[in-house]
Amino acid sequence: LYLTGYKSISLKDIKNFRKLNSICAGHPEYIPNTGIETTTGPLGQGISNAVGFALAEEILKKKLGKDIINHKTYVLAGDGCLMEGVSHEAMSFAGHLKLKNLVMLFDNNSISIDGPTNLTVSDNFKKRFESYGWDYILINGHNENEIFKALKKVHNAKKPTVISCKTKIGYGSPNKSGKASSHGSPLGTEEVKLVRKELNWNYKPFEIPKSILNDWKKIGNKGEKLETKWNKTYKKKKNVINKILKNKFSKSIKIEKKNAAKEFKSLATRKSSESTLNVLIKESNILIGGSADLAGSNNTKTKFHKIIKPRDFTGNYIHYGVREHAMCGIMNGLALHSKIIPYGGTFLIFSDYCKPSIRLAAIMKLRVIYVMTHDSIGLGEDGPTHQPIEQLSGLRSIPNLNVFRPADRMETAECWDLALKNLNTPSVLCLTRQNLDPIRKKYSNTNKCSFGGYEILRTNKKITLTILATGSEVNLAIHTSLKLAKDRIYSKVVSMPCHEIFDKQTKAYKNKILDETKFKISLEAGSTDLWKKYVGPNGLTFGIDKFGKSAPYKEIYKHFKLTPEDISKTTKKKIRK
C-alpha cells in the first residue's frame, strides 16, 4: 500500500510494525478507505471473505451494470489457510456458483509453524481444487514472468482459479530459508546481513531505490486514474443507483407491527421473523438472505425471494448448504464489499460453528444479521445436542454484538428494525420453534425494544418483586406474576430482549427498571450466569446450567422446574424468609 501511494500508510507506520496504535498491526485490521479490506488472522477467514466479495460483485453487476461493478477479487492464502475446514466449505461453495472473477494466489511453501507441512498434509492440491470446480495453475512463485502469465490467463476464466505459487519461505536467508524458524519470528541482525549479501542488496533498512519506488508509483497512479474515471461514471448514475439500492425499512416495520396488533395470535418467533421478512424483502434490493440448509426451519426464505444460482445472480437468496462457518465468513465479505445487508440462518446451537466469523464481524463493525432459531429447550425432541444452553451467554460475551431474543411478533419486528438500523454492530436474532402468545396488544410508533428492556405487565401500583425475562420465558414470567398476585405478592414483568442495548441506557432508566424493588428474579431457559448482574446477590435466577433433555418441550420445562407453579413456589419461600 505504501509503494502504490496510499496516504494511509507511511514508512513511519511500517517501522512501527506491531507497536501500539500503528496501522501496521500484527495481523491487518480493517479500516475503511485505507486499502486494508478485511481483518485477517484466523486462518481461512480471508478465503471466505473473498468469496463474499466475489459474490457481491456478481450480485451488484446484475443490479447496477458492468460500467459500475466489474472487477476481480484476489485472495492470498497460505498452507495453513487451506488446512482450515472453512477453506473447504468456502471453496466448494465458490466453485458451485462458478465465481469466475475470484482468483486465489496460494503461497505454496510447504511450511507451517510446527515444521514442514508433510507432517500433517498429503493432499493432492490439483485434484482437490479441481474437484471443487476451480481451475488450477502451478507456477514458480519467484518467477515474475510466470506470475504475469498466470494472472493474464485468469482474465478469461470461466470458473474461480487457484494459482499455486511454489515458493521458498525465507528466500535468500542462508540459514533459515525453507525452515519453520523463518515463519513467525524475525531473522535477526546477523542473518539479515547474510541475506543482504546473498541477494546483493546494498541499501539501508527501509531505503527503497528510486527506480523501484517510481515503478510502483506508476502502478498506483494508474489505479488512481481508473478510480477517478469510475467516480465520474458513478456520480452521473448516483440517483439511479440510490433508487435501485432503495431502503424503506421503517415503512415495512410499521406495516408489520400494525399487522401483529391486528391479527394478535400465537406464533413462533421464527414465523414472526418470516412475516417481517415478507414486508422487508418487497421494499429492498440490498437485503440478501440465506440459510445453512435450514431455510424451512429458520423461516429465512419468503415467497418474494429468488434463488441465486450458478451464473444467475439476479436473485436475493443464497442456499449456503451445510456450511455454517463459511456462510458467516462469506456474509462478512458481502457486508465489507458494499451496501449489501446480508442475513443468514441456522440453529442457535450451531452458533458455535459461526463464532469466529461473528467475532470478526463485531471487530470490524459490520452490519451482518444472524437468524438463529430453535433457541432453547423449547425445540423439544431433538434433544440436548440441539438445545442451546450456554450459547446465549457465549454470544453476549462478545463486545459490539447485539443479541436479541424477542418475546412475540411485535418484538420480533422491532428487533429486526434495530438490527437493520445498527450500521456498525452485527446482530443475532434468537428465535423460537414453539408458538408464543402475544404480549403486546396495541400498536405504538415507539420501538420499545430500543430500550433493551421495558415493563410489560404490572399487577399492582405498589410491588415487591421485579421479574426479568426474554423470549419464550416472558410468557412464563407473565403467568408467574399473575399467579403470585393471587397470593398478594405483586410484581412487574420486564421483557429484556437485548442485554447489550439495555446496558447502554441512562442510569436513571436502568434504576427505574431494576431498583424499584429490592428483590428481583430472572427467567431464561439457558445459562444463568449473565443474569446475576441484574438480580443481585439476593435475587434468584431461574434457568438451566446443565444440558437439556430429549422430550416434548412442555415436559422438559416441567422437568427443569420452569413452570409458573415451581417458580412462584420458590419465589414465595424466598420473599417470606
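One is the number of the first residue; the rest follow in order along the sequence.
The existence of a salt bridge linking K158 and D135 is excluded, since no basic side-chain nitrogen approaches an acidic carboxylate oxygen closer than 4.0 Å. Electrostatic pairing of K127 and E130 does not count as a salt bridge here, judged by no charged N lying under 4.0 Å from a carboxylate O. Of the charged side-chain nitrogens involved, none lies within less than 4.0 Å of a carboxylate oxygen, so that K72 and E57 do not count as a salt-bridged pair. The existence of a salt bridge linking E146 and K149 is excluded, since no basic side-chain nitrogen approaches an acidic carboxylate oxygen closer than 4.0 Å.
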Report task. Just do the side chain to side chain donor-acceptor pair (under 3.5 Å) check on D13 and S10 with the steps written out, would you? Result -> CA-CA 5 Å; D13 293 319; S10 67; 3.0 Å; yes

Requested in this report: Determine, stepwise, if the pair Y136 / F125 fulfils ring pair (Phe, Tyr, Trp, His ring centres under 6.0 Å).
Outcome: CA-CA 9 Å; Y136 178 83; F125 286 117; 7.8 Å; no

Query raised in the report: So H183 and I169, side-chain contact (heavy atoms from CB on, under 4.5 Å) or not? Walk me through it.
Result: CA-CA 7 Å; H183 179 103; I169 195 168; 4.1 Å; yes

Report task. Run the numbers on L336 and E37 for side-chain contact (heavy atoms from CB on, under 4.5 Å), then give the verdict. Result -> CA-CA 7 Å; L336 284 162; E37 295 171 314; over 6 Å; no

Report task. Take N316 and I308 through the side-chain contact (heavy atoms from CB on, under 4.5 Å) test and state the conclusion after the steps. Result -> CA-CA 6 Å; N316 56 359; I308 289 170; 5.8 Å; no

Query raised in the report: Stepwise, does the side chain to side chain donor-acceptor pair (under 3.5 Å) test hold for S110 with K166?
Result: CA-CA 9 Å; S110 302; K166 195 62 191 166; 2.6 Å; yes

Requested in this report: Apply side-chain contact (heavy atoms from CB on, under 4.5 Å) to the pair N242 and K246, showing each step before the final yes or no.
Outcome: CA-CA 6 Å; N242 288 340; K246 61 184 177 179; over 6 Å; no

Report task. For the pair T233 and D67, evaluate side chain to side chain donor-acceptor pair (under 3.5 Å) and give the outcome as yes or no after the intermediate values. Result -> CA-CA 8 Å; T233 306; D67 56 338; 5.9 Å; no

Query raised in the report: Please walk me through it: do Y317 and T300 pass side chain to side chain donor-acceptor pair (under 3.5 Å)?
Result: CA-CA 9 Å; Y317 192 85; T300 45; 2.8 Å; yes

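Between L392 and R405 the shortest side-chain heavy-atom distance falls below 4.5 Å. No side-chain heavy atom of I31 sits under 4.5 Å from any side-chain heavy atom of S8. Inter-residue side-chain proximity for K168 and N109 is flagged as unmet; no heavy-atom pair is nearer than 4.5 Å. Side-chain contact between F106 and D79: present, with at least one pair of heavy atoms (C-beta onward) separated by less than 4.5 Å. Side-chain contact between L418 and K421: absent, with no pair of heavy atoms (C-beta onward) separated by less than 4.5 Å. In this structure the side chain of L60 reaches within 4.5 angstrom of the side chain of S338, judged on heavy atoms. Between L55 and F313, the closest side-chain pair of non-hydrogen atoms falls below 4.5 Å. For the pair V154/I137, a side-chain contact is recorded, criterion being any heavy-atom separation below 4.5 Å from C-beta on.
One N or O on the side chain of E207 and one on the backbone of K204 form a donor-acceptor pair closer than 3.5 Å. Between the R323 side chain and the Y320 main chain, a donor and an acceptor come within less than 3.5 Å of each other. A donor-acceptor pair is defined here as one N or O able to donate and one able to accept, closer than 3.5 Å; such a pair exists between the side chain of R367 and the backbone of L420. Between the side chain of E500 and the backbone N or O of V403, at least one donor-acceptor pair lies under 3.5 Å. Listed for the H305 side chain is a donor-acceptor partner under 3.5 Å among the backbone atoms of T302. A donor-acceptor contact shorter than 3.5 Å links the side chain of N140 to the backbone of H142. Between the T373 side chain and the F347 main chain, no donor and acceptor come within less than 3.5 Å of each other. The backbone N or O of P174 lies less than 3.5 Å from no partner atom in the side chain of S177, so there is not a single donor-acceptor pair. Put simply, the side chain of S87 gets close to the backbone of L82: a donor and an acceptor are under 3.5 Å apart.
Taking each heavy atom of I288 and G315 in turn, the nearest pair found is CD1-O, 4.4 Å. In this structure, A180 and S112 approach most closely via the heavy-atom pair CB-O, 3.5 Å. I349 and P388 make their closest contact through CD1-CA, 3.7 Å (heavy atoms, listed as atom of the first residue, atom of the second, distance). When all heavy atoms of A295 and K301 are compared, the pair lying nearest together is CB-CB, 4.2 Å.
Residues S173 and E191 have side chains that bring a donor and an acceptor to within less than 3.5 angstrom of each other. Between the side chains of T38 and N49, at least one donor N or O sits under 3.5 Å from an acceptor N or O. Side chain to side chain, W134 and T161 fail the donor-acceptor criterion of an N or O pair below 3.5 Å. For the residue pair H71 and H337, a side-chain donor N or O sits within less than 3.5 Å of a side-chain acceptor on the partner. Remark: the T346 side chain and the Y353 side chain contain no N/O donor-acceptor pair separated by less than 3.5 Å. For N214 and S211, the side-chain atoms include no donor-acceptor pair closer than 3.5 Å. A side-chain donor from one of T425 and N400 sits under 3.5 Å from a side-chain acceptor of the other. Side-chain atoms of K7 and T34 form no donor-acceptor pair, as typed in the model, at a separation below 3.5 Å. Between the side chains of N298 and S291, a donor-acceptor pair is found at a separation under 3.5 Å. In summary, the side chains of S164 and N108 do present a donor paired with an acceptor at a separation below 3.5 Å, with no hydrogens or angles considered.
More than 12 heavy atoms of other residues, nucleotides or ligands lie within 6.0 Å of CZ in F17, so this atom counts as buried by the packing criterion. Within a 6.0 Å radius of CZ in F206, other residues, nucleotides and ligands contribute more than 12 heavy atoms.
Seen from the ring of Y2, K217 counts as a face-on cation partner, given the 6.0 Å and 45° thresholds.
With values rounded to the nearest 0.5 angstrom, C328 atom SG is found 5.5 Å from Y370 atom OH. Atoms OH and CE, on Y343 and M331 in that order, are 10.5 Å from each other to the nearest 0.5 Å. Distance check, rounded to the nearest 0.5 Å: NE2 of H499 to CG of L395 gives 12.5 Å. From S284, atom OG reaches atom NZ of K339 across 11.5 Å, with rounding to the nearest 0.5 Å. Within the model, atoms CG of L348 and CG of L429 stand 11.0 Å from one another, a figure rounded to the nearest 0.5 Å. Between the CD1 atom of I59 and the CD1 atom of I340 there is a distance of 4.5 Å, given to the nearest 0.5 Å.
Paired with T314 under the rule side chain to side chain donor-acceptor pair (under 3.5 Å), one option of K62, E58, K309, K306 passes, and it is K306. Among E84, E89, Q45, the single residue meeting the side chain to side chain donor-acceptor pair (under 3.5 Å) criterion with H325 is Q45.
In this structure, Y132 has its ring center at least 6.0 angstrom away from the ring center of H96.
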